[in-house]
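Predicted model only: the values in this text are computed from it and were never measured.
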Amino acid sequence: METFPKIISVDDHTVEPPHVWRDRLPSRYRDTGPRIVRAPLKEMTFLGGKFAPVMGQKGDEGPIGDWWVYEDLHRPLTRLDTAVGYDRDEIRLEVITYEQMRPGSHSVPDRLADMDVNHVQSALCFPTFPRFCGQTFTEASDRELGLLCVRAYNDWMVEEWCGPEAHGRLIPLTLIPLWDPELAAAEVRRNAARGVRAVAFSEIPPHLGLPSVHTDHWDPFFRACDETGTVIAMHIGSSSRMPSTSADAPPAVGSTITFANCCFSMVDWLMSGKFERFPNLRIMYAEGQIGWIPYILERADVVWEENRAWGGVADKVTRPPSELFAGHVFGCFFDDAFGLRNLDAIGAGNVLYETDYPHSDSTWPKSKEVGEAQMGHLSADVVERIVRGNAIELLGLTPEGLWRA
């Protein structure tokens with residue numbers, strides 16, 4: 001195609017700088033709040049969808065890395081957190097330090113420069129240490145500290161990561177205290193008041209020991225999103241359980257079927273009745289790809305039509321799931337030629353583009369070339385919608401595709 005629109009990526013990632021919580025938490029939490037410690041790696045595995053690192057002690061043998069330490073949690077920075085710029089065959093599951101990662105992973109000016117290289121105008125970024133919906137703080141024992149950590153992250157996200165230095169090119173995505181839906185609603189409203197239009201949530205809350213979307217537990221949170229126009233963004237892995245087939249399955253198995261949790265989650269939402277209770281609610285699935293969506297919509301419509309009487313949804317889902325999808329759900333992709341060939345069965349208005357910088361799956365620095373190759377059969381107006389137009393509308397950006405508080 002002659003021209004390719006400047007990309008608005010709805011799924012990139014930030015690696016939080018060491019000072020995020022150090023500078024924002026009360027001094028009494030200096031020894032228990034999130035902080036960086038440089039230490040050796042004793043052991044690390046990633047099998048069956050479970051990541052299990054063990055930090056060594058000072059003086060122990062082993063590769064040195066930077067570790068986030070928070071209460072009893074020890075979580076290292078790894079090459080998978082920030083893999084762009086490395087040859088695919090050189091990317092290993094290994095610990096690293098901040099000096100060993102690409103500066104754009106944690107530095108705003110360097111991120112903007114890497115976005116320029118990749119034909120990206122604006123980007124929405126998910127967290128790293130808090131994990132994709134802040135479940136790190138939900139799993140901690142001190143709820144008071146956890147709430148302070150959530151708010152500190154959100155303040156850093158809005159005021160610094162997406163602050164004046166970003167020139168509107170970085171779009172804020174905030175967290176909620178998942179353990180309390182009323183507090184979650186308050187945090188949504190606090191951030192919406194300063195222009196935030198996206199909040200992270202778990203694709204399958206029961207995997208985190210939390211109630212499902214079929215209950216009324218989350219209604220205060222959903223209502224706050226509905227009333228403020230805040231999009232609920234769910235990233236693969238935001239249930240702390242990546243799909244796999246066995247305890248000894250290599251990571252390649254899970255990487256191939258990462259869409260599965262999005263698939264299960266979307267059916268949950270379509271059969272929950274929440275879109276009819278909260279008509280302005282919008283959800284998006286980051287890094288879930290889109291090729292699987294047409295069959296799920298077809299099957300969900302058949303089940304709703306034929307089995308709703310005994311299927312437990314007749315009294316709360318009054319329209320075909322495919323209609324609910326069209327008005328409320330957005331699929332996000334970075335590399336899905338099959339899905340784009342079947343775009344008519346998904347809907348051009350329900351698809352968003354992403355680059356996944358700086359993860360190992362990222363198409364950086366060739367996201368434009370990938371898009372051109374996979375969207376070459378589409379009309380220019382459809383490409384414009386997918387690459388930027390839908391994101392501008394969904395996230396309340398300026399016509400130029402920038403975020404303004």
Side-chain angles (χ1 to χ4, degrees), residues 1-14 84 104 107-126 154 156-174 191-200 225 228-233 280 282-284 286-287 330-334 340 343 347-358 362-372 374-376 378-405:
M1 54 188 70
E2 292 185 7
T3 60
F4 192 79
K6 290 299 288 290
I7 298 166
I8 297 179
S9 174
V10 296
D11 171 33
D12 285 355
H13 299 265
T14 178
V84 292
S107 161
V108 170
D110 293 294
R111 173 60 63 93
L112 298 184
D114 277 354
M115 289 163 61
D116 289 340
V117 169
N118 200 31
H119 198 68
V120 173
Q121 177 192 309
S122 306
L124 179 85
C125 296
F126 283 82
N154 291 341
W156 169 80
M157 168 61 62
V158 174
E159 298 166 7
E160 187 171 332
W161 184 253
C162 301
E165 196 175 31
H167 306 293
R169 296 181 62 188
L170 296 173
I171 306 162
L173 171 72
T174 52
N191 291 304
R194 46 184 178 175
V196 177
R197 288 284 298 273
V199 62
C225 293
T228 61
T230 300
V231 180
I232 296 176
N280 297 315
R282 302 291 184 272
I283 67 174
M284 56 172 272
E287 209 171 319
F330 294 80
C332 312
F333 77 100
F334 58 81
L340 289 166
L343 186 63
N350 296 84
V351 173
L352 305 168
Y353 199 39
E354 57 186 43
T355 78
D356 196 31
Y357 178 105
S362 178
T363 51
W364 186 93
K366 297 182 177 180
S367 301
K368 173 177 177 284
E369 289 79 0
V370 171
E372 287 176 327
Q374 296 189 354
M375 301 184 211
L378 301 174
S379 64
D381 63 314
V382 170
V383 174
E384 175 80 16
R385 291 186 71 183
I386 292 172
V387 174
R388 57 184 290 111
N390 291 336
I392 289 173
E393 181 179 350
L394 181 66
L395 299 172
L397 306 179
T398 68
E400 296 76 28
L402 302 175
W403 177 70
R404 289 288 182 262

**Request:** Please step through side chain to side chain contact (heavy atoms under 4.5 Å, CB included) for the pair Leu402 and Arg404, ending with a clear verdict.
**Result:** CA-CA 6 Å; Leu402 302 175; Arg404 289 288 182 262; 3.7 Å; yes

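- Close placement of the Tyr353 and Phe333 rings is indicated, their centers lying within 6.0 Å of each other.
- The salt bridge (Lys or Arg N to Asp or Glu O under 4.0 Å) pairs that include a residue from residues 379-396 are Glu384-Arg388, where partners are two or more places apart or lie in different chains.
- Residues passing the salt bridge (charged side-chain N to carboxylate O under 4.0 Å, His left out) test with Arg169, sequence neighbours excluded: Asp116.
- Counting heavy atoms from C-beta on, the side chains of Glu159 and Arg194 come closer than 4.5 Å.
- For Asp356, the salt bridge (charged side-chain N to carboxylate O under 4.0 Å, His left out) criterion is met by no residue, not counting sequence neighbours.
- Qualifying salt bridge (charged side-chain N to carboxylate O under 4.0 Å, His left out) partners for Arg282, counting only residues two or more places apart in sequence or in other chains: none.
- A donor atom on one side chain and an acceptor atom on the other are found under 3.5 Å apart for Tyr357 and Asp114.
- For His167 (side chain) and Leu112 (main-chain N/O), no donor-acceptor pair under 3.5 Å exists by modelled atom type.
- When atom types are taken as modelled, the side chain of Thr174 and the backbone of Asn154 share no donor-acceptor pair closer than 3.5 angstrom.
- Nearest heavy-atom pair across Pro172 and Val158 is CB-CG2, 4.2 Å.
- Among residues two or more places apart in sequence or in another chain, the salt bridge (charged side-chain N to carboxylate O under 4.0 Å, His left out) test is passed with Glu400 by none.
- Checked against side chain to side chain donor-acceptor pair (under 3.5 Å), Glu354 has no partners two or more places apart in sequence or in another chain.
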